[in-house]
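Okay, so here's the structure we're looking at.
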Amino acid sequence: MQKNGEQAQYLLQSVDNALCVLNLFDNTDKLSLTEIAAQMGMGKTTALRLVYTLEMRGFLCRGEDNKYSLGMRLFTLGNRVYEQKAYLPVVKPLLNQLTETVNESAHLVTWENRSRVILLYEALPHLSLRAEMDRSISSRPPHLTSTGLALLSTLSDEQIAAYADSAIFEKRTAYSISTREQLEEDVRFVRSHGYAINNQRFEQGMISIAVPVQRTKGAPADFAISISGPSTRIADRQDTIVQELFKTAGRISELL
């Protein structure tokens with residue numbers, strides 16, 4: 001106890017409070033200033049100064065509804081941590097091998113938050129062109145991508161309903177998901193078949209097929225992998241590609 005007391009004297013209260021604010025988002029995607037102040041047990045003025053500082057530094061972002069969510073700076077720093085762990089050295093060779101097998105682009109995607117997904121790594125068909133994607137690449141709503149649909153399918157019905165309530169169903173192409181009912185139908189397909197298909201829903205003439213990577217069966221997935229390419233090449237090889245994705249996802253799950 002004495003040691004803990006000695007360590008506590010070095011805590012900087014303002015920094016500790018800021019970190020505690022970030023920890024509030026461990027089990028929720030968005031919080032209002034009022035909710036943050038209440039959960040922190042502090043006045044709104046003090047809470048505002050904390051969240052304003054965090055927002056200016058990129059650790060929080062404020063939406064049009066004036067609610068706060070975790071910012072991209074955390075994502076960037078989190079990726080630095082990920083890169084020091086085992087998953088990228090494990091996943092990259094497997095995705096590169098998958099690309100060589102099917103001769104199409106392979107992708108690794110994760111959640112940015114529960115309303116957007118972001119690309120972590122892309123393996124291209126030619127060895128000289130393989131490259132990790134720029135960290136500044138924009139994220140996308142999950143219903144616009146096969147990997148996003150694969151990730152959504154592993155969430156609870158309540159979480160999917162919450163996403164559908166807030167989603168903007170942008171009509172990117174004639175095939176884009178444009179209604180809640182279409183989204184729910186796609187989620188049912190993924191749960192039934194184990195894979196998701198984005199058939200020209202984000203970009204005309206392009207198809208992507210994805211599967212979730214689950215560390216524990218039945219648990220929400222942190223990652224999904226996909227194969228994408230021109231519809232003229234992908235459609236006729238769909239069954240083969242799906243089986244290769246299943247095999248690669250299984251190997252990644254075993255090694256993570």
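Every value quoted in this text rests on a predicted model; they were computed, and no experiment measured them.
Side-chain atoms of Gln200 never come within 3.5 Å of backbone atoms of Tyr175 as a donor-acceptor pair (strictly under, hydrogens ignored). Without hydrogens or angle criteria, Thr101 side chain to Gln97 main chain gives a donor-acceptor distance under 3.5 Å. Ser176 contributes a side-chain N or O that, together with a main-chain N or O of Thr173, makes up a donor-acceptor pair within less than 3.5 Å. The backbone N or O of Arg233 lies less than 3.5 Å from a partner atom in the side chain of Arg237, making a donor-acceptor pair. Under the 3.5 Å distance criterion, the side-chain polar atoms of Gln238 are left unmatched by any main-chain donor or acceptor of Ala235. Formation of a donor-acceptor pair under 3.5 Å by the Arg62 side chain with backbone atoms of Lys67 is not found in this model.
Heavy-atom minimum distance, Ala221 versus Thr154: N-OG1, 2.9 Å. Closest approach of Leu108 to Leu119, counting heavy atoms only: O-CD1, 3.4 Å. The two residues Val213 and Ser253 have their closest heavy-atom pair at CG1-OG, 3.5 Å. Taking each heavy atom of Val211 and Ala150 in turn, the nearest pair found is C-CB, 3.9 Å. The two atoms that bring Ala196 and Ser146 nearest to each other are CB-O, 3.4 Å, heavy atoms only. Smallest separation of non-hydrogen atoms from Tyr163 and His143: OH-ND1, 2.6 Å.
Both Leu12 and Leu19 are assigned to one and the same hydrophobic cluster, defined by single-linkage of ILVMFWY side chains at heavy-atom distances under 4.5 Å. Hydrophobic clustering (side-chain heavy atoms under 4.5 Å, transitive across Ile, Leu, Val, Met, Phe, Trp, Tyr) groups Tyr121 together with Val102. When hydrophobic clusters are built by joining Ile, Leu, Val, Met, Phe, Trp and Tyr residues whose side-chain heavy atoms come closer than 4.5 Å, directly or via intermediates, Leu48 is grouped together with Leu50. One hydrophobic cluster holds both Met42 and Ile36 under the rule that ILVMFWY side chains link at heavy-atom gaps under 4.5 Å. Under a hydrophobic-cluster definition in which Ile, Leu, Val, Met, Phe, Trp and Tyr are linked whenever side-chain heavy atoms come within less than 4.5 Å, directly or via other members, Ile197 and Leu144 are assigned to different clusters.
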Walk me through whether Glu100 and Asn96 qualify under side-chain hydrogen bond (donor to acceptor under 3.5 Å, both in side chains). CA-CA 6 Å; Glu100 291 177 1; Asn96 293 340; over 6 Å; no

Given Gln182 and Ser178, is the side-chain hydrogen bond (donor to acceptor under 3.5 Å, both in side chains) satisfied, shown in steps? CA-CA 7 Å; Gln182 284 182 296; Ser178 58; 2.8 Å; yes

Quick one: do Leu74 and Leu22 satisfy side-chain contact (heavy atoms from CB on, under 4.5 Å)? Show the steps, please. CA-CA 10 Å; Leu74 286 169; Leu22 295 177; 4.2 Å; yes

Could you go step by step and tell me if Asp186 and Ile177 meet the side-chain contact (heavy atoms from CB on, under 4.5 Å) rule? CA-CA 9 Å; Asp186 268 36; Ile177 294 176; 3.6 Å; yes

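Thr240 and Gln243 form no side-chain donor-acceptor contact under 3.5 Å, judged by distance and modelled atom types alone. Ser208 and Ser228 are not linked by any side-chain donor-acceptor pair at a separation below 3.5 angstrom, with hydrogens and angles left out of the test.
Looking only at side-chain heavy atoms (C-beta outward), Leu183 and Leu152 come within less than 4.5 Å of each other. Between Thr99 and Asn103 there is no side-chain heavy-atom pair separated by less than 4.5 Å. Residues Met72 and Cys61 form no side-chain contact, since every pair of their non-hydrogen atoms from C-beta on lies 4.5 Å or further apart. Here the side chains of Pro125 and Ser105 are in contact, with some heavy-atom distance below 4.5 Å. With contacts defined as side-chain heavy-atom distances shorter than 4.5 Å, the pair Phe223/Gln214 does not qualify. No side-chain heavy atom of Pro142 sits under 4.5 Å from any side-chain heavy atom of Leu151. Between Leu245 and Ile227 there is a side-chain heavy-atom pair separated by less than 4.5 Å. The closest side-chain heavy-atom distance from Val21 to Leu60 is below 4.5 Å.
Remark: aromatic rings of Phe25 and Tyr68 are distant, center separation not under 6.0 Å.
Annotation: Arg251, atom CZ; neighbour count of heavy atoms from other residues, nucleotides and ligands within 6.0 Å does not exceed 12. Residue Phe246 places its CZ atom among more than 12 non-hydrogen atoms of other residues, nucleotides or ligands, all under 6.0 Å distant. By the 6.0 Å contact criterion, CD on Glu185 is open, its count of non-hydrogen atoms from other residues, nucleotides or ligands being 12 or less.
In this structure, Arg172 forms a cation-pi arrangement with Phe202, its terminal cationic atom sitting closer than 6.0 Å to the ring centre and no more than 45° off the ring axis. Relative to the six-membered ring of Phe169, Arg180 misses at least one condition, a distance below 6.0 Å or an angle of at most 45° to the axis.
The aromatic rings of His193 and Phe189 sit parallel, their planes meeting at an angle under 30°, below the 60° perpendicular limit.
With salt bridges taken as basic N to acidic carboxylate O contacts below 4.0 Å, none links Arg140 and Glu112. Taking a cutoff of 4.0 Å between a charged side-chain nitrogen and a carboxylate oxygen, Glu244 and Lys247 qualify as a salt bridge. Salt-bridge check for Asp157 with Arg191: passed, with a basic side-chain N closer than 4.0 Å to an acidic carboxylate O.
For the atom pair CG of Asn66 and OG of Ser32, the computed distance is 9.5 Å after rounding to the nearest 0.5 Å. Here CG of Leu155 is found 8.0 Å from OG of Ser153. Values are rounded to the nearest 0.5 Å. With rounding to the nearest 0.5 angstrom, the CD atom of Glu104 is 11.0 Å from the CG atom of Leu124. Here the CG atom belonging to Leu98 is positioned 9.0 Å from the CD1 atom belonging to Ile241, to the nearest 0.5 angstrom. A distance of 13.0 Å separates CD1 in Ile225 from CG in Leu120, rounded to the nearest 0.5 Å. To the nearest 0.5 Å, atoms OG1 (Thr147) and NE2 (His107) are separated by 8.5 Å.
When each of Thr34, Asn23, Leu24 is checked for a side-chain contact (heavy atoms from CB on, under 4.5 Å) with Gln39, only Leu24 meets the rule. In summary, of the residues considered (Leu70, Leu77, Thr53), a side-chain contact (heavy atoms from CB on, under 4.5 Å) with Phe59 occurs for Leu77 alone.
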